[in-house]
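Heavy-atom basis, side chains included; hydrogens, waters and symmetry copies ignored. In what follows, chains carry the letters A, B, and so on, assigned in the order in which the sequence lines appear, proteins first and then strands, with residues in each chain numbered from 1.
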Amino acid sequence: GQNIDQPTEMTATEGAIVQINCTYQTSGFNGLFWYQQHAGEAPTFLSYNVLDGLEEKGRFSSFLSRSKGYSYLLLKELQMKDSASYLCAVFPGTASKLTFGTGTRLQVTL
Amino acid sequence: DGGITQSPKYLFRKEGQNVTLSCEQNLNHDAMYWYRQDPGQGLRLIYYSQIVNDFQKGDIAEGYSVSREKKESFPLTVTSAQKNPTAFYLCASNDQENTGELFFGEGSRLTVL
């Protein structure tokens with residue numbers, strides 16, 4: 001079966017750092033995606049991790065530990081526009097469909 | 001530019017009516033998907049298709065139907081059998097032989113009056 005867990009909601013202050021965790025148990029693993037989705041809009045791609053370790057892309061970084069079934073998205077220097085939902089999704093492998101977590105709603109406050 | 005086009009963006013329907021949401025992609029992707037999203041909720045898979053003339057039910061297929069007559073097109077019909085159709089509908093596609101990254105359309109918001 002497929003199971004992906006993320007916190008439902010998080011709140012953080014503008015300028016701070018926030019870490020959004022994702023744990024997964026899936027039959028097959030090729031890689032893990034993070035998407036950002038603003039209310040009423042389509043999700044947009046943030047990162048894709050295949051190998052263990054941290055990948056940095058500007059203010060956003062994503063970490064993966066395949067042995068622990070664990071990933072996190074790290075957002076630095078938070079801005080109000082970062083208020084959105086963040087979706088974790090696992091790609092089990094070739095000819096498979098992505099499995100999404102329920103998403104984490106992040107609210108950035110002043 | 002390559003991408004996915006959904007239409008209409010907003011749609012109103014009376015109870016008992018069927019409506020069809022359009023989804024077209026020019027990314028040459030074999031796989032296409034329809035998701036439903038309710039306010040404050042995650043994505044739930046309705047139907048997906050990995051090849052022309054073939055499709056599979058997702059987690060919440062009841063009350064919906066699809067067709068895949070062309071690689072580029074994957075329309076979704078919301079039938080009168082769908083008890084609570086008001087939602088945000090997202091179409092997506094990907095190349096399952098590569099990274100599997102999903103590319104999304106802008107979404108269609110359906111409201112039942």
Taking a hydrophobic cluster as the set of Ile, Leu, Val, Met, Phe, Trp and Tyr residues connected by side-chain heavy atoms closer than 4.5 Å, whether directly or through intermediates, do [X] and [Y] fall within one such cluster?
| X | Y | answer |
| --- | --- | --- |
| B:Ile60 | B:Val66 | yes |
| A:Val50 | A:Phe33 | yes |
| B:Leu110 | B:Ile4 | no |
| A:Leu98 | A:Trp34 | no |
| A:Leu64 | A:Val18 | yes |

message: Just checking A:Glu77: does its CD atom have more than 12 heavy atoms from other residues, nucleotides or ligands closer to it than 6.0 angstrom?
response: no
For residues 32-52 of chain B against chain A, heavy atoms under 4.5 Å, the residues are B:Tyr33, B:Tyr35, B:Gln37, B:Gly40, B:Gln41, B:Gly42, B:Leu43, B:Leu45, B:Tyr48, B:Gln50
When the 4.5 angstrom heavy-atom criterion is applied to B:Leu90 and chain A, the contacting part is side chain
Whatever's closer than 4.5 Å to a heavy atom in chain A on B:Asp30 counts as neither
- Between A:Tyr48 and B:Glu101, is a side-chain contact (heavy atoms from CB on, under 4.5 Å) present by the stated rule, with each step listed? CA-CA 8 Å; A:Tyr48 181 55; B:Glu101 179 186 347; over 6 Å; no
| message | Between B:Phe104 and A:Tyr35 (judged by ring centroids, cut-off 6.0 Å), do the two rings come close enough to count as a pair? | response | yes
| query | Any side-chain heavy atom of B:Leu102 within less than 4.5 Å of one from A:Phe91? | reply | no
**Asked** At their closest point, which heavy atom of A:Ala42 faces which heavy atom of B:Gly105, and how far apart are they?
**Response**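 Nearest pair, atom of A:Ala42 first, then B:Gly105: CB-O, 2.9 Å.
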- Task: Quick one: do B:Phe103 and A:Thr44 satisfy side-chain contact (heavy atoms from CB on, under 4.5 Å)? Show the steps, please.
- Result: CA-CA 8 Å; B:Phe103 293 79; A:Thr44 56; over 6 Å; no
Okay, A:Gln37 and chain B: the region with an atom under 4.5 Å from a heavy atom over there is side chain
